[in-house]
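What follows is one structure encoded as structure tokens, with my remarks underneath.
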Amino acid sequence: MLDIQLLRTQPDAVATGLARRGAAIDLAPFEALEAQRKQVQTQTQELQAKRNALSKQIGMLKGKGEDVAPVMAEVAGLGDALKANEEKLAVLLAELDAFVSRIPNLPHASVPAGRDETGNVEVARWGTPPAFDFAPKDHVDLGEALGGLDFAAGVKISGSRFTLMRGEIARLHRALAQFMLDTHTREHGYTELYTPYLVNPDSMFGTGQLPKFEEDLFRVERSDGSRLYLIPTAEVPVTNIVRGEILETEKLPLKFVCHTPCFRSEAGSYGKDTRGMIRQHQFDKVELVQIAPPEASWDALEQLTGHAETILQKLNLHYRKMALCAGDMGFSAAKTYDLEVWLPAQNTYREISSCSNFEAFQARRMQARCRDKGGKPRPLHTLNGSGLAVGRTLVAVLENYQRADGTVVVPEVLRGYMGGVEALAPR
RNA sequence: GGAGGCGUGGCAGAGCGGUUGAAUGCACCGGUCUUGAAAACCGGCAACGUCGCAAGGCGUUCGUGAGUUCGAAUCUCACCGCCUCCGCCA
């Protein structure tokens, strides 16, 4: 959520910032609502003040045993006007809130211009693509030949975009998650968390999935009429830990790592990446989250991105680091780096991690604040990034570590998690 | 699932329907004292919203939401959460 003060005082700057995203905004309705709000709110507060004063007076008169009837008559006249004003104000505030809640974050000054992914800028590249003296297979062919990826079973059990893993590939998948968790907790100072996978609407609002992107979520209706949502990323439960809290600034940053399944309905992406496990309704991800003091969040973004990169480097997977352009960023982000891993069968790079600084955007929605010693509370900053998407990392390992005979070498750093297995062989 | 109890400020803990946004203690901040620190003493210390150049004013908030009332932390109802006991259970 943008700071409503910014909308009031610098509407042109907001419109300019949003235009960089390609999110044209008409602030006229906002300004009209604001004008009404100001008038109605002032009037309401005046009436309330009057009522309070008279009520206090009644109390005092009664204490002295004096006649109260005249004052009672006076205050009685306020009732209807006050009630009407309060109701009108509540409607206006709700409308304003709905309007502001749907405005995306402003891109940071360093974010490159651009409308879509073609405007993204490569800022770094690590390693080299593996050289094959044969035509590399994609992970679908490899995984099926190894007997470990069963797409048909996933479809039978649940439907399209669900996959079943078996045997050594299921183990490799688990090994990847373990390796990531261990690296981030032991080497990067993150605290491991286990969280709920079903969250309430307030949490989804806090990180920005609601109210605008409900169709991307899986929703669970309960018999009492309430609803929960399956998390699309651990960002949601983890970031919402600080919702409604005031934290001591000196105790920041908080650094959390969390391995969860992620559930996405992928509405609007029909026909996209239908082959294989690149785009699934359910996938595992190891997520990094930082709760940072405002003045430290930009450094934190570089560090956090580096932590995600470490995983790719230890796995010796070739990747590039992209600065997303304004038009390609997510709703809540002020700046995002995507890490794209090399997939030889597709002869291309695919997103495997997305690392963002949200500045105070989520914190304002969550009312998450920090306080310096003796100071006033102010919104803190939140960040997160995949470290990494486990399913896509599995895909990358299979495709980059394949050999001509269809076997797949287990990366060095994973062997300890694989009971010493050095390669997966077709059965 | 059954029975009972409880939800107040960063924490602990008071609070007859009426000058209570809320006693008191701890924590925290400032000061006196001290070579320094501690102790003691004095003072300050909720959040949010809104109006205002500012000083400051006003409003809202005692789990959440409705209601009764001129006036609700205090009364009524519903919901949420927590605790204790019983039952069941991965």
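Order of the sequence lines sets the chain letters (A, B, ...), proteins ahead of strands, with each chain counted from 1. Computed from a predicted structure; not experimentally measured.
The separation between E46(A) atom CD and U60(B) atom P is 13 Å, rounded to whole Å. Between D202(A) atom CG and G81(B) atom C1' the separation is 14 Å, expressed in whole Å. Between K83(A) atom NZ and A66(B) atom C1' there is a gap of 11 Å when expressed in whole angstrom units. Regarding K251(A), its NZ atom lies at a distance of 14 Å from the P atom of G10(B), rounded to whole Å. Atom CD in Q367(A) sits roughly 18 Å away from atom P in A46(B) (whole-Å rounding). D372(A) places its CG atom 14 Å from the P atom of G30(B), with the value rounded to the nearest Å. Rounded to whole Å, atom C1' of C58(B) lies 15 Å from atom CG of N85(A). In this entry the distance linking CD of E245(A) with P of A47(B) reads 15 Å, nearest Å.
A donor atom on one side chain and an acceptor atom on the other are not found under 3.5 Å apart for T239(A) and Q362(A). No side-chain N or O of N105(A) forms a donor-acceptor pair with one of S332(A) less than 3.5 Å apart. Using modelled atom types and a 3.5 Å distance limit, the side chains of K335(A) and S110(A) yield a donor-acceptor pair. For the residue pair S55(A)/N52(A), the side-chain donor-acceptor check at 3.5 Å is not satisfied.
As judged by a 4.0 angstrom heavy-atom cut-off over every strand, A76(A) is placed among residues making no nucleic acid contact. L54(A) comes within 4.0 angstrom of nothing in the nucleic acid, heavy atoms only. When heavy atoms are screened at a 4.0 angstrom cut-off, Q5(A) is found touching the sugar-phosphate backbone but no base atom.
For RNA chain B, runs of at least 3 consecutive pairs of the Watson-Crick or G-U wobble type, with both hydrogen-bonding distances under 3.5 angstrom, map to B:1-7 with B:80-86, B:10-12 with B:24-26, B:28-32 with B:40-44, B:46-51 with B:56-61, B:63-67 with B:75-79.
Ring pair F213(A)/F331(A) is perpendicular by interplanar angle, where above 60° counts as perpendicular and below 30° as parallel.
Two residues are said to be in side-chain contact when any heavy atoms from C-beta on lie closer than 4.5 Å; Q43(A) and L89(A) fail this criterion.
For the C1' atoms, the distance from A46(B) to A37(B) is 31 Å, rounded to whole Å. Of the P atoms belonging to G13(B) and G7(B), the separation is 10 Å, rounded to the nearest Å. Of the C1' atoms belonging to C26(B) and G18(B), the separation is 31 Å, rounded to the nearest Å. Rounded to a whole angstrom, the distance from the P atom of A23(B) to that of C45(B) is 11 Å. Separating the P atom of U19(B) from that of A72(B) is a span of 11 Å, rounded to the nearest Å. With both ends at atom P, the span from A27(B) to G87(B) equals 45 Å, rounded to whole Å. Taking the C1' atoms as reference points, G67(B) lies 42 Å from A54(B), given to the whole Å. Atom name C1', nucleotides U61(B) and G25(B): the rounded distance is 24 Å, in whole Å.
At the phosphate of U60(B), OP1 or OP2 sits under 4.0 Å from a side-chain N or O atom of N52(A). Checking the phosphate oxygens (OP1, OP2) of G10(B), no side-chain nitrogen or oxygen of R369(A) falls inside 4.0 Å. For A47(B), the OP1/OP2 oxygens have a side-chain nitrogen or oxygen of R371(A) closer than 4.0 Å. For R8(A) and U50(B), the shortest distance from a side-chain N or O to OP1 or OP2 is below 4.0 Å. Taking 4.0 angstrom as the limit, Q57(A) places none of its side-chain polar atoms (N or O) nearer than this to OP1 or OP2 of G18(B). Using a 4.0 Å cut-off, some side-chain N or O of K38(A) falls inside it from OP1 or OP2 of C51(B). For K62(A), no side-chain nitrogen or oxygen approaches OP1 or OP2 of G17(B) to under 4.0 Å.
If P377(A) and T44(A) are placed on RNA chain B by their nearest nucleotide, the residue sitting closer to the 5' end is P377(A). When each of M72(A) and K50(A) is assigned the nucleotide of RNA chain B with its nearest heavy atom, K50(A) is the one assigned upstream, toward the 5' end.
Looking at Q402(A), its side chain does come within 3.5 Å of a backbone N or O of K137(A) through a donor-acceptor pair.
Of the charged side-chain nitrogens involved, none lies within less than 4.0 Å of a carboxylate oxygen, so that R275(A) and E144(A) do not count as a salt-bridged pair.
Relative to the ring axis of Y417(A), R174(A) does not place its NZ or CZ within 45° and under 6.0 Å from the centre.
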